[in-house]
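Here the structure comes first, spelled out in structure tokens, and everything after it is commentary.
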Amino acid sequence: MPPRTMYEKIWDAHAILEMDDGTWLLHIDRHLVNEVTSPQAFEGLRMQDRTVAHPELTIAVADHNVPTDNRDGPIEDPASRLQVETLERNVEQFKVPYIPLRSARQGIVHVVGPELGLTQPGMTIVCGDSHTSTHGAFGALAFGIGTSEVEHVLATQTLRQRPSKTMLVRIDNALCAGASAKDLALHVIGTLGTAGGTGYVIEYAGAAVEALDMAGRMTLCNLTIEAGARAGMIAPDRKTFDWLHGRPNVAQGEEFDAAVERWGALRSDASAKFDKTVIIDARDVAPMVTWGTSPDAVVPINGVVPDPEDFPEQQKPQLHAMLDYMGLAPGQAIEGLPIDVVFIGSCTNGRLEDLAAAAEIVRGKKVASGVRALIVPGSGQVRLQAEDLGLDLVFLEAGFEWREAGCSMCLGMNPDRLAPGERCASTSNRNFEGRQGTGGRTHLVSPAVAAASALSGKIADPRKLER
Amino acid sequence: MTRFERLEATAAPIPIDNIDTDKILPGEFLKTVERKGLGRALFARMRYRADGSLNPDFVLNRVPWANAGILVAGANFGCGSSREHAPWALLDFGIRCIIAESFAEIFYNNCFKNGILPIVLAVPEISALRETVADAGRARVRVDLIGQTVTYGGGIELPFDIAEGRKRALIEGRDEIAETLRVRSTLLAWQQANCRELPPILLGENGGAKLGHGSGGAVLLRAA
């Protein structure tokens, strides 16, 4: 067999047959289902009198729409309540495993899946959510799909796919102190552009990637979609195996050892050919902050807002519109921009390590007056683990709000939203116009920068804070 | 899937790159359990002013583009979220074809599932097309999927590329799930040969919740 990339190995292990339209039927190992992108798919099954082919490979949890302040009563927003109740009815009818809203296991599906050991190397994993790329951190092929495809997977446990091109993003050397996986990911997006990955599956490799912990790898793979690539992946290694060991749904004892053996063979062959290779030097990565309404509109924290006039003619009007929306002027320093809100959470940065990084900066200090600061753990388990470490008290004493798990202000489908004109340092994944609330201004940052900014009331460099 | 062969319609120019799916359909409109009715919310933040009135400057609020069936956009159209609500909103408004310099992948796929034809044209071609259709008297465009041409401006004909399989699927309006289910015996044989059994999904001791459904000892299959 010729040398293959990890993507090609996983593809080959799941490709069932080629259909007459040039697509392949790909077996899907795990199907994650949420309340927003599934109702129409279940309805489609009902209309055609179809069933869920493999409910045991499917797991559902409500995350996008759920309140994060109070879970005691029913959901107040009738539209949100209807979506969650519709999911509950659908999992009942189609016998799909479901994590209820009041379970301590509830959370953002991309945090919950790995926690439960449902995400494993070599798997194909899909979900009606573009940030499904997160699960690639374990050496899985994981990507977001639309609702029609959700219906196809429910009905057949397969997906019709065309093979992607492969891109190797090799990140050499080590990240500098103060630079995190989030900063690295934003730097990669800034380098590739938001469409740079279109048509590719990205494999991240190199010393800086190997050095990342699993949370960091999930952050990096999570943001792959913001560079246009549907999937990002990292070869599983000892860190991956150790992280998975002992989790529910992961094999134990000799079976685990056998699994590790199989997983180890997934790594791209040394002489495998990628369609494209991009080399990045981790030493170039500083804490990063986005200034515009596209994730590739990003500069180091000590940088300034670029001048649209320095860009090609065709891009100028849009860049001016971006600055207008963001209330920024060319040449303005990013560091020191006054902020109104800080959001720490999301499938990008809502894990225990992210909260710990923020807590380390916050400990013993106070949120600046006039700043609303939210900590929204990525899952109920993250929340419990953080509470075991006393992180909730660190945040509460500093003046942060300590919330229940959910997508929350990342996309503002629940009541956690920005008001028009409010400026937010956010650890989420998209700074699109209105993403966090109509007229809201989002600066994507790492948990450390978000925490430092909460204390300063301005975009702040955590490296400069007094300890 | 809705069939698509030919379309003659008004084309609206939207000369903006990176139109994300949040722009096409903002998140607050995702709280629906239906496919229909999203047309009113299409491009909501561009189409309506803060007080809810129509923004007279936005192209889809002006004659003749308020009846547009085609959009002519920039690069990376449909980036961001995988929400199929974006193509549903376009369809509900009456858009059946989007011509752009490039598309984001998930959105591009989602279009085909809904009978919307996404067409990629080169930058110079699309610039000229956008400029032409910005003239109210010259906004009619004819799209022929069978012949793979876009015709505008009184006879300017632009050929476009499309994967043969995608083209056929649109023309025939195929039910992909029905097609896949027709090869179910092949799927089952493949699973028999290639999948290993795993125990049912566990929520773990800390879960504090029992698994609602489907955990009753079902055979868990996955590729080896």
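Letters A, B, ... are given to chains in the order of the sequence lines, protein chains preceding strands, and every chain is numbered from 1.
Both the backbone and the side chain of B:R166 come within less than 4.5 Å of a heavy atom of chain A. Using a 4.5 Å cut-off between heavy atoms, A:D20 touches chain B through backbone and side chain atoms alike. Proximity to chain B involves both the backbone and the side chain of A:I16, based on heavy atoms less than 4.5 angstrom apart. Residue contact with chain B, scored on non-hydrogen atoms closer than 4.5 Å, is absent for A:I10. At a 4.5 Å heavy-atom cutoff, the contact between B:S81 and chain A is made by backbone and side-chain atoms alike. For B:A178, the parts lying under 4.5 angstrom from a heavy atom of chain A are both the backbone and the side chain. When heavy atoms are compared at a cutoff of 4.5 Å, B:F103 approaches chain A solely by way of its backbone atoms N, CA, C and O. For chain B, the nearby parts of A:S80 are the backbone and the side chain; heavy atoms of each come within less than 4.5 Å. Looking at B:R35, the atoms closer than 4.5 Å to chain A (heavy atoms on both sides) sit in the backbone and in the side chain alike. Interface remark: B:N109 contributes side-chain atoms only to the contact with chain A (heavy atom separation under 4.5 Å). For A:R160, the part lying under 4.5 angstrom from a heavy atom of chain B is the side chain only. In this structure, no portion of A:A227 lies under 4.5 Å from any heavy atom of chain B. Only the backbone of B:P15 has a heavy atom closer than 4.5 Å to any heavy atom of chain A. No part of B:E164 comes within reach of chain A, as not one of its non-hydrogen atoms sits under 4.5 angstrom from that chain. The contact between A:R50 and chain B is made entirely by side chain atoms (from C-beta outward), counting heavy-atom distances below 4.5 Å.
For B:R184, the CZ atom sits in a loose shell: 12 or fewer heavy atoms of surrounding residues, nucleotides or ligands are nearer than 6.0 Å. Crowding of B:R40 atom CZ: a count of heavy atoms from other residues, nucleotides or ligands under 6.0 Å not exceeding 12. Remark: B:D161 CG is loosely packed, at most 12 non-hydrogen atoms of other residues, nucleotides or ligands lying under 6.0 Å away. Taking a 6.0 Å sphere around CD of A:E18, one finds it holds more than 12 heavy atoms contributed by other residues, nucleotides or ligands. Counting non-hydrogen atoms of neighbouring residues, nucleotides and ligands closer than 6.0 angstrom, the CD atom of A:Q93 exceeds 12 such neighbours.
Between the side chain of A:N249 and the backbone N or O of A:L118, no donor-acceptor pair lies under 3.5 Å. With hydrogens and angles disregarded, a donor-acceptor distance shorter than 3.5 Å links the side chain of A:T124 to the backbone of A:H27. Side-chain atoms of A:Q436 never come within 3.5 Å of backbone atoms of A:R417 as a donor-acceptor pair (strictly under, hydrogens ignored). One N or O on the side chain of A:Q83 and one on the backbone of B:L30 form a donor-acceptor pair closer than 3.5 Å. With hydrogens and angles disregarded, a donor-acceptor distance shorter than 3.5 Å links the side chain of A:R81 to the backbone of A:I75. Side chain of B:K23 to backbone of A:E433: no donor-acceptor contact under 3.5 angstrom is found.
No side-chain heavy atom of A:F42 sits less than 4.5 Å from a side-chain heavy atom of A:T86. In this structure the side chain of A:W11 reaches within 4.5 angstrom of the side chain of A:Q161, judged on heavy atoms. Proximity of B:L145 to B:I162: side-chain heavy atoms (C-beta onward) are separated by under 4.5 Å at one or more points. Within the 4.5 Å cutoff, side-chain heavy atoms of A:R430 are placed close to those of A:H131.
Residues of residues 50-60 of chain B never come within less than 4.5 angstrom of chain A, heavy atom to heavy atom. Annotation: residues 122-133 of chain B contacts chain A through B:R130 [non-hydrogen atoms, separation under 4.5 Å]. Among residues 88-97 of chain B, the residues having any heavy atom closer than 4.5 Å to a heavy atom of chain A are, in sequence order, B:W88.
The shortest non-hydrogen separation linking B:G39 to B:R47 is O-NH1, 3.0 Å. Taking each heavy atom of A:D29 and A:G122 in turn, the nearest pair found is OD2-O, 4.1 Å. Minimum heavy-atom separation, A:C127 to A:H31: CA-CD2, 4.5 Å. The two atoms that bring B:R45 and A:G434 nearest to each other are NH2-O, 3.2 Å, heavy atoms only. The minimum heavy-atom distance between A:P97 and A:P55, with the atom names listed, is CD-O, 3.0 Å.
Contact tally against chain A (heavy-atom pairs below 4.5 Å) for B:G74, B:G80, B:S102: the top residue is B:G80. With respect to chain B, the highest number of heavy-atom pairs below 4.5 Å among A:A155, A:G199, A:G44 belongs to A:G199. In terms of heavy-atom pairs under 4.5 angstrom with chain B, the leader among A:T23, A:V36, A:L411 is A:V36. Most heavy-atom pairs under 4.5 Å with chain B, from the set A:L25, A:N414, A:T198, A:T147: that is A:T147. Contacts with chain B were tallied for A:I225, A:T37, A:N65; A:N65 has the most, counting heavy-atom pairs under 4.5 Å. Counting heavy-atom pairs closer than 4.5 Å to chain B, the top-ranked of the candidates A:P39, A:G193, A:G117 is A:P39. Note on B:R174, B:R168, B:E105: by heavy-atom pairs under 4.5 Å with chain A, the leading option is B:E105. Ranked by heavy-atom pairs under 4.5 Å with chain A, the first of B:I16, B:L181, B:T21 is B:I16. Of the listed residues (B:R83, B:K167, B:H85), the one with the most heavy-atom contacts under 4.5 Å to chain A is B:H85.
With sequence neighbours left out, A:Y200 forms a ring-ring contact (aromatic ring centres under 6.0 Å, His included) with no residue at all.
No option in B:K113, B:E84, B:E176 other than B:E84 meets the side chain to side chain donor-acceptor pair (under 3.5 Å) test with A:S148.
Side chains of B:D17 and B:N76: a donor-acceptor N/O pair is absent below 3.5 angstrom, by distance only.
Expressed to the nearest 0.5 Å, how far CD of A:E151 lies from OG1 of A:T156 amounts to 10.0 Å.
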